[in-house]
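Below is one structure; the comments refer to it alone.
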Amino acid sequence: MLRVKFMIKQFLKEPLWFKILISITLLISIIFSSAFFANNAYYQSFSKLAAAIFFCAYGIKLRSNRLTFVILLSASALCIYLSFLAIS
């Protein structure tokens with residue numbers, strides 16, 4: 001629980017552009033991965049690209065911890081791969 005409180009406090013200290021970027025990419029990823037958009041591969045691909053931006057932004061932000069940085073950038077690369085795989 002303390003880790004969650006720390007992450008929330010850290011998020012609130014971030015600049016406005018970072019808050020907007022994270023919020024929009026998370027929202028796009030959740031909305032376009034819903035069952036309503038399941039029939040269109042382009043929406044699914046867009047959802048995965050938004051998730052990749054989300055993971056990459058947090059990975060770069062948390063680059064002081066090498067393990068977290070590698071995990072988040074790996075998740076970003078996996079999302080980009082799945083995005084291109086969904087289109088073809």
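It should be emphasised that the depicted structure is a prediction, and the values quoted were computed from it without experimental measurement.
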Linking I/L/V/M/F/W/Y whenever any side-chain heavy atoms sit under 4.5 Å apart, do [X] and [Y] land together?
X	Y	result
Phe84	Leu82	no
Leu72	Ile22	yes
Ile71	Phe6	no
Leu49	Leu73	no
Leu67	Phe69	no

[X], [atom1] atom: more than 12 neighbouring heavy atoms under 6.0 Å:
X	atom1	value
Phe32	CZ	yes
Tyr42	OH	no
Phe18	CZ	yes

Spatial distance of atom [atom1] ([X]) from atom [atom2] ([Y]) [nearest 0.5 Å]:
X	Y	atom1	atom2	value
Gln44	Ser34	CD	OG	8.0 Å
Lys19	Leu21	NZ	CG	13.5 Å
Ser74	Tyr81	OG	OH	15.0 Å
Ile30	Leu26	CD1	CG	4.0 Å
Tyr58	Glu14	OH	CD	6.5 Å
Lys48	Leu78	NZ	CG	10.0 Å

Legend entry - Heavy-atom side-chain contact between Phe11 and Ser23 under 4.5 Å: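 They are in contact (side-chain heavy atoms under 4.5 Å apart), so the answer is yes.
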Inset, instruction - For Phe54 and Ser29, run side chain to side chain contact (heavy atoms under 4.5 Å, CB included): C-alpha distance rounded to whole Å, both residues' side-chain angles, the deciding distance at 0.1 Å, then the answer. - result: CA-CA 9 Å; Phe54 177 83; Ser29 180; over 6 Å; no
